[in-house]
Participant: 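Once you've had a glance at the structure underneath, I'll fire off some questions.
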Amino acid sequence: MYKYDDYVKSADYIKTKIGDFKPDILMILGSGLGFLGNLVESPVYIDYKDIPNFKVSTVPDHIGRLVFGKLSGCNVMVMQGRLHCYEGYDATDVAFPVRVAKLLGVHSMLITNASGGINFDYNVGDFMIISDHIRLFDIHPVRGENISEFGDRFFDMTYTYNEEYREIAKCKGKELHLPIREGVYFYATGPQFETPAEIRAMRIMGADAVGMSTVPEVITARHCGIKILGISLITNLAAGMAKKEVTAQEVNEEAEKAENGFAKLVLSVLPEMKG
Ligand code: HPA
């Protein structure tokens, strides 16, 4: 379990590298979008391995560094590489950087992921603005003694996915002629893809897409009052929906195909989140 001072120590280290730069928006980018970190102007790079208390991702292709600077005219803190619970970390580790971002002054978070479509109307290549999520099974990211500097012990999740940001993302997506949906993300910890029976159950519960990330960071951000925009790219139809297996290869290939559109969407939404 981390203490408040553990987060402060990480933030203090980062401050020695970024000087008086104050990030407004934390960007946590899923498969295929990490390259956006390379577009940051006047970048300051900090490797996770150099930051006290930060853990390092084990996923190949996930670079593992923070990038601070300007993107679309906004002061951003980009996580190039994120952790997942399936790597063996607990949800508190996965979400650790979110609280550090809060200490650095971040007020909003833009988080993206790849996911499997559960809703029968969805197609591969659709972008789903997350309106809500379902998380049933894993250990909670802010469990343990409450750190009241970040938020209350019991906190609301009704307005987690900021309505104004969702409207902006839908509008920008339409302007860019992208296939935009809005729906509920089901958090499954993985690393295996789901069974067809699990997918049917998730659909009955009200989920539109399923994925293995995002929710620990979202809960932690909500706890400390960060405004959230989450966007899923539908990279495949979830298990049992197409007459074939779900593979990581398909997920990666579709994420790569959608890269350009996804990047345009993110870059056009950012300035509206400046605050
Ligand atoms: N299930 C879980 N995670 C995913 C999927 C899926 O079908 N596609 C991309 N990430």
Side-chain angles (χ1 to χ4, degrees), residues 28-36 57-62 79 81-91 94-95 110-139 141 161 178-219 229-263 265-266:
I28 305 182
L29 304 168
S31 316
L33 273 192
F35 78 95
L36 279 180
S57 172
T58 63
V59 178
D61 304 339
H62 280 61
M79 285 187 70
R82 60 164 21 142
L83 302 181
H84 303 81
C85 289
Y86 61 69
E87 295 174 72
Y89 303 113
D90 72 33
V94 170
L110 199 166
I111 186 161
T112 73
N113 61 53
S115 64
I118 294 179
N119 187 316
F120 287 121
D121 290 337
Y122 285 13
N123 300 304
V124 170
D126 285 353
F127 296 94
M128 185 186 86
I129 312 302
I130 304 177
S131 60
D132 205 346
H133 72 237
I134 301 172
R135 163 201 159 273
L136 295 181
F137 303 119
D138 71 320
I139 293 185
Y161 295 91
L178 296 172
I180 297 283
R181 313 283 191 165
E182 187 172 31
V184 174
Y185 179 85
F186 194 107
Y187 176 53
T189 50
Q192 95 294 342
F193 293 109
E194 300 70 35
T195 67
E198 286 166 345
I199 295 299
R200 289 194 298 275
M202 290 174 191
R203 187 180 302 113
I204 290 166
M205 282 190 267
D208 297 293
V210 56
M212 305 177 194
S213 67
T214 301
V215 167
E217 296 97 318
V218 162
I219 293 172
L229 174 64
I231 310 176
S232 295
L233 168 70
I234 307 296
T235 52
N236 58 286
L237 300 184
M241 294 178 66
K243 297 225 166 344
K244 57 176 186 168
E245 294 185 359
V246 178
T247 66
Q249 189 189 340
E250 180 187 9
V251 170
N252 292 331
E253 281 172 8
E254 292 302 329
E256 217 166 281
K257 277 192 217 164
E259 231 174 62
N260 269 340
F262 212 163
L265 179 61
V266 165

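Just so it is clear, the values below take in all heavy atoms, side chains as well, and ignore hydrogens, waters and symmetry mates. Both ligands and their constituent atoms are indexed starting at 1 by order of listing.
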Participant: Which pair of heavy atoms, one from Arg82 and one from Gly30, lies closest together, and at what distance?
Facilitator: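 Arg82 and Gly30 have their closest heavy atoms at NH1-CA, 3.5 Å.
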Participant: Between the side chains of Thr189 and Asp138, does any donor sit under 3.5 Å from an acceptor?
Facilitator: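 The criterion, which ignores hydrogens and geometry beyond distance, is not satisfied for Asp138 and Thr189.
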Participant: Name the one of Ile130, Leu233, Leu29 that satisfies side-chain contact (heavy atoms from CB on, under 4.5 Å) with Asn113?
Facilitator: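 Of the listed options, the one satisfying the test is Ile130.
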Participant: Give a yes/no verdict on whether any heavy atom in Ser115 is under 4.0 Å from an atom of ligand 1.
Facilitator: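 It does; at least one heavy atom falls under 4.0 Å.
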Participant: Can you report which non-hydrogen protein atom sits closest to atom 7 (O) of ligand 1, along with the distance?
Facilitator: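 That would be Asn236 ND2, 2.9 Å.
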Participant: Once you round to the nearest 0.5 Å, how far does CZ of Arg200 lie from CE of Met241?
Facilitator: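 Interatomic distance, Arg200 CZ to Met241 CE, rounded to 0.5 Å: 11.5 Å.
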Participant: Just go through Ala209, Ala239, Gly211 and tell me whose heavy atom is the nearest to atom 3 (N) of ligand 1.
Facilitator: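 It is Gly211 whose heavy atom sits nearest to atom 3 (N) of ligand 1.
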Participant: Would you say the side-chain atoms of Tyr89 pair up with the backbone N or O of Ala95, donor to acceptor, closer than 3.5 Å?
Facilitator: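 Looks like no, no N/O pair under 3.5 Å.
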Participant: I'd like to check which ligand 1 atoms, numbered from 1 as shown, lie under 4.0 Å from a non-hydrogen atom of Glu194.
Facilitator: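 Here the atoms of ligand 1 in question are 1 (N), 2 (C), 6 (C), 7 (O).
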Participant: Among protein heavy atoms, which sits nearest to atom 10 (N) of ligand 1, and what does the distance come to when rounded to 0.1 Å?
Facilitator: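 Closest protein heavy atom to atom 10 (N) of ligand 1: Ala114 O, 3.3 Å.
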Participant: Considering only heavy atoms, which of Thr235, Val210, Thr247 lies nearest to atom 4 (C) of ligand 1?
Facilitator: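 Looking at heavy atoms only, Val210 sits closest to atom 4 (C) of ligand 1.
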Participant: Identify the closest protein heavy atom to atom 5 (C) of ligand 1: which residue and atom is it, and at what distance?
Facilitator: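 So the nearest neighbour among protein heavy atoms is Gly116 N, 3.4 Å.
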Participant: So which of Tyr185, Phe186, Tyr187 actually passes side-chain contact (heavy atoms from CB on, under 4.5 Å) with Arg135?
Facilitator: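 The residue from Tyr185, Phe186, Tyr187 that satisfies side-chain contact (heavy atoms from CB on, under 4.5 Å) with Arg135 turns out to be Tyr187.
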Participant: What atoms of ligand 1 come within less than 4.0 Å of a heavy atom belonging to Val251?
Facilitator: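 Matching atoms, with element in brackets: 8 (N), 9 (C).
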